[in-house]
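Following: one structure in structure tokens, then a few remarks.
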There are 2 protein chains.
Amino acid sequence: MRQDNRLSGALHVLLHMAEAGRPVTSEALARALDTNPVVVRRVMGGLREQGYVRSVKGHGGGWTLSCELERVTLKDVYEALGSPQLFAIGNRSDNTQCLVEEAVNISISEALADAEARLMARFGEITLAALSADFHRRLAERGGPATLEEIHI
Amino acid sequence: MRQDNRLSGALHVLLHMAEAGRPVTSEALARALDTNPVVVRRVMGGLREQGYVRSVKGHGGGWTLSCELERVTLKDVYEALGSPQLFAIGNRSDNTQCLVEEAVNISISEALADAEARLMARFGEITLAALSADFHRRLAERGGPATLEEIHI
DNA sequence: CCGTATCGTAATTTATGAAGTTACATGAGA
DNA sequence: TCTCATGTAACTTCATAAATTACGATACGG
């Protein structure tokens with residue numbers, strides 16, 4: 001089953017924007033993600049609605065962060081994307097009069113809901129600042145200072 | 001994203017077989033699932049390989065359980081199906097030289113792995129016997145004795 | 001004001017994999 | 001031998017994220 005990569009892409013973009021410190025165009029972000037500017041704009045739309053980023057048209061325009069990295073978690077980003085479907089498995093049908101299926105559905109649904117709650121709790125604990133710090137840690141370990149080229153901006 | 005319903009379907013079929021107490025044809029099982037006999041055979045293939053069910057061709061043939069309901073968990077069934085992809089979300093790319101993406105990927109992957117472990121633990125605790133008991137509880141609550149028609153066999 | 005850079009978005013195409021379907025071979029009982 | 005079943009390959013359908021195309025709107029620089 002094909003995967004939904006929007007969360008991964010959005011986080012990647014947000015961290016790149018944090019490094020840039022100035023407006024970054026969809027074009028440049030798309031290059032970092034190896035994708036298309038339209039895909040970037042689509043993904044960023046939800047983040048803009050939640051006030052996490054701003055976009056400016058025209059010369060010198062592009063995307064800038066408008067939030068504090070400490071205050072935004074992976075859960076916030078996930079929800080800004082519209083809380084995409086999390087699981088690739090699910091119940092065969094949800095309105096059933098078959099009691100066997102009812103028993104099966106409930107047990108699967110409860111287990112999935114539990115796993116989802118756990119995942120959201122984890123996502124809620126990870127801030128963009130933590131991700132950024134992790135990135136800088138890796139950068140330091142690998143040696144050498146960051147250049148704009150190194151982070152593809 | 002479209003869902004994978006094989007686990008739900010397999011469990012449904014197994015419980016119906018447990019009620020029947022005699023070989024049930026793919027045709028009959030497909031009717032209970034409102035699907036196609038070929039789909040049933042495909043799903044059941046993995047269960048047969050693990051020895052949870054047997055199939056017999058020809059007159060009076062069909063599928064029968066060959067395991068004790070107490071000894072088989074949802075996890076066993078899930079794994080017999082080939083451990084289908086669990087999450088609909090994932091990392092954009094797994095081989096990256098971008099440290100930003102690396103940091104993002106690891107944090108998402110760890111959270112997903114944690115949720116998956118939790119889900120598998122839950123699945124490992126639920127036996128087919130428990131599902132069957134739950135079904136019979138619902139049947140009793142709804143009143144009236146079970147007939148073969150009621151459970152679509 | 002004009003030209004260009006940039007976002008906004010609708011419409012279309014592509015890609016993927018489960019589900020559904022068709023077709024036919026194989027095997028087992030009556 | 002005939003019919004009932006499974007076994008399986010091949011093909012079609014379906015849903016949806018991603019990718020692409022196209023065009024409109026806006027903002028800055030000259």
Side-chain angles (χ1 to χ4, degrees), chain A residues 1-10 12-13 17 20 22-49 53-64 66 78 81-93 153, chain B residues 1-10 12-13 17 20 22-49 53-64 66 78 81-93 153:
Chain A
M1 182 156 303
R2 206 177 190 191
Q3 287 191 153
D4 177 342
N5 303 114
R6 282 175 289 181
L7 177 61
S8 170
H12 194 162
V13 159
M17 286 166 61
R22 54 181 162 78
V24 190
T25 64
S26 307
E27 173 76 27
L29 294 171
R31 245 178 287 122
L33 290 191
D34 190 30
T35 183
N36 192 290
V38 177
V39 173
V40 172
R41 291 186 196 119
R42 245 185 335 230
V43 169
M44 303 294 279
L47 300 179
R48 182 181 48 219
E49 281 171 24
V53 297
R54 266 193 292 263
S55 61
V56 173
K57 292 178 178 177
H59 263 297
W63 299 87
T64 45
S66 56
Y78 171 77
L81 295 175
S83 301
Q85 185 182 321
L86 210 50
F87 293 106
I89 68 174
N91 293 139
R92 170 160 272 279
S93 85
I153 296 292
Chain B
M1 179 155 306
R2 209 177 189 192
Q3 288 191 153
D4 177 343
N5 300 116
R6 283 175 289 181
L7 178 61
S8 168
H12 194 161
V13 159
M17 286 165 62
R22 55 181 162 79
V24 190
T25 64
S26 306
E27 173 78 28
L29 293 171
R31 245 179 287 124
L33 289 189
D34 192 27
T35 182
N36 191 291
V38 176
V39 173
V40 172
R41 292 187 194 117
R42 247 186 334 231
V43 169
M44 302 295 279
L47 300 179
R48 183 181 48 221
E49 281 171 24
V53 297
R54 267 193 291 266
S55 60
V56 173
K57 292 180 178 176
H59 262 297
W63 299 87
T64 46
S66 57
Y78 171 77
L81 295 175
S83 301
Q85 185 183 320
L86 209 51
F87 293 106
I89 69 174
N91 293 140
R92 172 159 271 279
S93 84
I153 297 290

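These numbers were taken from a predicted model, which means no experiment stands behind them.
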Find the distance A:Met44:CE to C:dC7:C1' and express it as a whole number of Å.
12 Å
Whole angstrom value for the distance that separates P of C:dA18 from CD of A:Gln3
13 Å
Looking at every strand, decide which applies to A:Asp4 at a 4.0 Å heavy-atom threshold: base, sugar-phosphate, or nothing.
sugar-phosphate
Report the distance from atom CD of B:Gln85 to atom P of D:dA17, rounded to the nearest whole Å.
14 Å
Terminal axes of the helix from C:dC1-D:dG30 to C:dA30-D:dT1 (five pairs each): angle between them, nearest 10 degrees
10°
Separation of C:dA19 atom P from B:Asp34 atom CG, nearest Å, is 14 Å
In whole angstrom, give the distance that lies between atom CG of A:Leu29 and atom P of C:dT6.
12 Å
Does B:Ser26 reach the main-chain N or O of B:Val40 with its side chain, forming a donor-acceptor pair under 3.5 Å?
no
Treating primed atoms plus P, OP1 and OP2 as sugar-phosphate and everything else as base, which nucleotides of nucleotides 3-11 of chain D get B, S or - for protein heavy atoms under 4.0 Å?
BBSBBBBB-
Would you check if the side chain of B:Asn91 reaches a backbone N or O of A:Asn5 as a donor-acceptor pair within less than 3.5 Å?
no
How many angstroms lie between CZ in A:Arg42 and CG in A:Leu81, if you round to the nearest 0.5 Å?
13.0 Å
Do the non-hydrogen side-chain atoms of A:Ser55 and A:Met44 ever get within less than 4.5 Å of each other?
no
To the nearest Å, give me how far apart CZ (B:Arg54) and P (C:dA28) are.
15 Å
Residues in side chain to side chain contact (heavy atoms under 4.5 Å, CB included) with B:Thr64, at least two apart?
B:Pro23, B:Arg54
Determine: side-chain N/O of A:Arg2 to OP1/OP2 of D:dT16, distance under 4.0 Å, yes or no.
no
What heavy-atom pair brings A:Ile89 and B:Gln3 nearest, and what distance separates the two atoms?
O-OE1, 3.8 Å
Atom pair distance, as rounded to whole Å: CG in A:Asn36 and C1' in C:dA15
15 Å
Quick one: B:Leu33 CG to C:dT21 P, roughly how many Å, whole number?
13 Å
To the nearest 0.5 Å, what is the distance between CZ on B:Arg48 and CZ on B:Arg41?
10.5 Å
To the nearest 0.5 Å, how far apart are NE2 in A:His12 and CG in A:Asp34?
10.0 Å
d(A:Leu29 CG, A:Asn36 CG) to nearest 0.5 Å is 12.5 Å
